[in-house]
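For reference, the structure is listed below as structure tokens.
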Amino acid sequence: MDILRTEGLTRQYGSGQTMVTALDHVDLQVERGQFVAIIGASGSGKSTLLHLLGGVDRPDGGKIFVEDVDIATFGEERLAQYRRRKVGLIYQFYNLIPTLSVKKNICLPMLLDNKEPGKERFDDIVRTLGLGDRLEHLPGQLSGGQQQRAAIGRALIYQPAILLADEPTGNLDRKNTEEIVSLLKLSNRQYKQTILLVTHDENVALEADRIIKIEDGKIVSDKAV
Amino acid sequence: MEARSGGQGGIAMNIIREYSLDQVRKNRRTSVSIIVAVLIASTFLCTLFVFAQSFWNQMVQQEIYIGGDWDAELMDVPAGRLGMVRDNAGVKAMFVKGDNQTAFLPEGTALPRLLIQNCDSGYWDAMYEKNMLLRGRVPQASGEVAVSKDFFLQNPAYGIGDTLAVEMVSNVRTHMEENRQKDAASLTIVGELDVSVSSGYEGYLAYGFMEPEALSPEREVAVYLQMERRGKVYTAVPQIAEAIGLPKDEYGDYPCRYHAALLAWHGVYAPGSFFRSDVPKLFLGLVLAAGASMAVFAYIIRGAFGISAKQKIHQLGILKSVGAGPKQIGRTVIYEACILSVIPILLSMILGYLFSFGVLSVYSGMISEVFGSRMEVSFSPAAALMAAVLSFVTVLFAAHGPARQMSKVLPIEAVRGEQYGIAMWGRTSKKAKSHPILAKHFGFLGEIAANSVNAGKNCTIPAW
Ligand SMILES: Nc1ncnc2c1ncn2[C@@H]1O[C@H](COP(=O)(O)OP(=O)(O)OP(=O)(O)O)[C@@H](O)[C@H]1O
Ligand SMILES: [Mg+2]
């Protein structure tokens with residue numbers, strides 16, 4: 001069964017003369033447990049696609065089936081629950097809450113559900129992300145790369161079925177990038193997590209099972225690695 | 001996956017509450033403007049209520065001073081049935097006046113008689129006649145009288161403490177004048193009262209003392225009642241009249257009277273007389289004044305919350321995108337409202353009282369020259385509590401709008417708010433500057449006002 005399926009997914013910005021079609025009738029199917037890389041030029045619509053799949057944006061047309069339920073029809077409260085439990089979204093920019101400690105930022109999706117992560121899993125993630133000695137710091141006291149890793153931790157903590165990552169390694173060096181990618185792959189294999197990852201880095205893309213290329217809001221190529 | 005439920009470990013305490021508290025601390029400027037706005041609003045409301053309460057108190061006291069502290073009067077009650085009235089469960093207190101007597105004065109007085117009304121001790125305590133005492137005291141035993149000032153004016157030979165040898169006649173209406181029996185008696189003058197009666201009566205008004213128990217059972221007296229439940233007076237009193245067997249008059253009414261002016265101040269009206277009274281109009285005025293000021297303050301405070309919410313829109317977007325629901329987002333604004341309104345509302349109770357005290361002491365100094373009575377500030381916890389509750393309602397009402405707006409924004413739009421430098425941001429940060437006149441002439445408050453004016457303008461989040 002496809003965990004993700006879009007039909008005629010369309011997103012437009014602005015109106016009239018200045019209207020931009022960021023996504024143009026995109027049809028996409030992703031199987032459970034697949035690791036998909038999304039590539040394409042700047043402005044091609046990669047982030048837009050991820051935001052729609054992550055339920056933080058609403059399409060202007062088309063359908064988004066997650067486990068055969070169309071999330072485009074969800075009400076606010078249900079969509080929030082979907083964001084909290086089903087998907088982990090890693091933004092191109094880190095987007096942490098500056099007044100909360102790194103630890104709380106990472107745990108945020110669970111805290112919003114009035115839960116706490118198990119200690120083992122939390123320690124595991126923190127160790128892999130190399131944030132063990134930064135947990136009580138505020139995001140502003142971290143480097144860009146560290147902030148990005150905290151944001152990744154936040155997306156992983158609830159073990160969502162779907163992980164959407166928008167250039168998660170864009171601010172990291174070679175070594176860090178490799179570590180993060182192997183963390184994602186591990187997560188993907190261990191928990192059967194489905195991963196959609198936007199990247200400009202060819203080496204990162206080649207780690208995936210499948211590479212999708214987007215141009216001007218349309219899928220122009222889609223092939224297994 | 002192992003996930004523990006919150007509440008046990010502390011970290012999951014309540015993230016939304018913690019977040020709101022952090023924000024209040026961090027955005028000190030916005031927090032201070034909200035606190036000041038709430039303080040002004042709640043102080044105003046508290047002052048208004050303390051004022052209203054003091055005014056009400058004054059009016060009640062004044063009514064008692066000039067009309068006596070009673071709710072209803074039963075007329076022509078035979079003294080033998082007074083016990084039934086006193087024992088009635090609806091009656092809190094009862095005082096008696098009546099047993100009127102005429103005392104024929106010794107030879108040589110300007111007018112031949114004293115027209116005496118006798119009152120029991122409860123009556124003297126509760127009613128207004130004691131307030132008309134010019135000299136001496138009120139009668140405290142039978143045989144003592146307080147006499148009108150005319151008596152002393154026209155008969156300068158007499159003074160307080162003098163004893164008069166008189167012939168007493170009891171005025172029993174059912175008997176003919178001829179049947180009246182005259183008894184020699186002596187009366188002691190104990191006080192002078194500021195009362196007078198038309199000269200047609202050929203006598204001086206005087207007040208005496210009586211023990212209702214000492215009256216013969218068929219003597220008829222007027223009974224003044226304070227009720228246990230004032231609100232029921234208009235139905236309870238006719239029932240009492242019926243229970244003690246008073247006859248109805250030709251219109252089918254029992255011989256009773258109500259202290260309508262006092263009852264009205266307590267919100268009790270005879271059926272149908274509600275709209276004729278001034279009290280509901282005054283009350284309506286108070287409600288309108290409170291309502292209008294709440295609306296104005298809500299508008300101003302709403303502006304402040306709007307700014308605060310917009311400052312946080314990026315972060316609220318992040319919260320949303322990791323799964324905070326619309327209710328949780330709305331709650332951040334509501335929590336902020338609660339945190340920021342507690343201190344100013346408490347403070348406003350003191351300020352409101354001091355403020356009313358200052359104004360009223362000046363005002364009452366002025367009216368005391370005209371009316372002879374001062375208007376006291378009466379601080380009632382009920383009025384302060386009422387003001388506090390209404391202030392809090394105002395704040396919640398004011399926060400409600402921004403809370404709803406924030407909960408409706410799409411997460412990605414909120415997250416982008418900062419990064420993309422959406423027009424709204426430019427505008428919010430330039431607020432104070434765009435109102436140089438307000439800011440310059442009214443300083444900090446002007447800035448808040450300017451902020452709210454601007455916030456009002458772009459209250460709606462633009463749709464991207
Ligand atoms: N809020 C917005 N308002 C107007 N246009 C927008 C908005 N967000 C995105 N766009 C436009 O939609 C198109 C797709 O944007 P998107 O962010 O999805 O690109 P991207 O592929 O992620 O680019 P990059 O690799 O630079 O991150 C672009 O042309 C962009 O200008
Ligand atoms: Mg992008």
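To find a chain, count down the sequence lines: A is the first, B the second, and so on, and within it residues start at 1. Remember, predicted model here, so these are calculated numbers, not experimental data.
- Looking at A:R78, neither its backbone nor its side chain comes within 4.5 Å of chain B, counting heavy atoms on both sides.
- Ring geometry, A:Y91 versus A:H51: the interplanar angle falls from 30° to 60°, so the pair is classed tilted.
- With a 4.5 angstrom heavy-atom cutoff, B:I329 does not touch chain A via any of its atoms.
- Under the 4.0 Å criterion applied to side-chain N and carboxylate O atoms, A:R84 and A:D113 are assigned as salt-bridge partners.
- With a 4.5 Å cut-off on non-hydrogen atoms, B:Q315 touches chain A through its backbone and its side chain both.
- Cation-pi geometry between B:R302 and B:Y299 is not satisfied (NZ or CZ under 6.0 Å from the ring centre, within 45° of the ring normal).
- Heavy-atom distances place no part of A:L79 under 4.5 Å from chain B, backbone and side chain included.
- No cation-pi contact links B:R25 to B:Y19, judged by a cut-off of 6.0 Å to the six-membered ring centre and 45° from its axis.
- Between A:E76 and B:K408, none of the side-chain N atoms (NZ, or NE/NH1/NH2) sits under 4.0 Å from a carboxylate O, so this pair counts as no salt bridge.
- In this structure, the portions of B:L410 lying under 4.5 Å from any heavy atom of chain A include both its backbone and its side chain.
- Within the 4.5 angstrom heavy-atom criterion, atoms from both the backbone and the side chain of B:K320 approach chain A.
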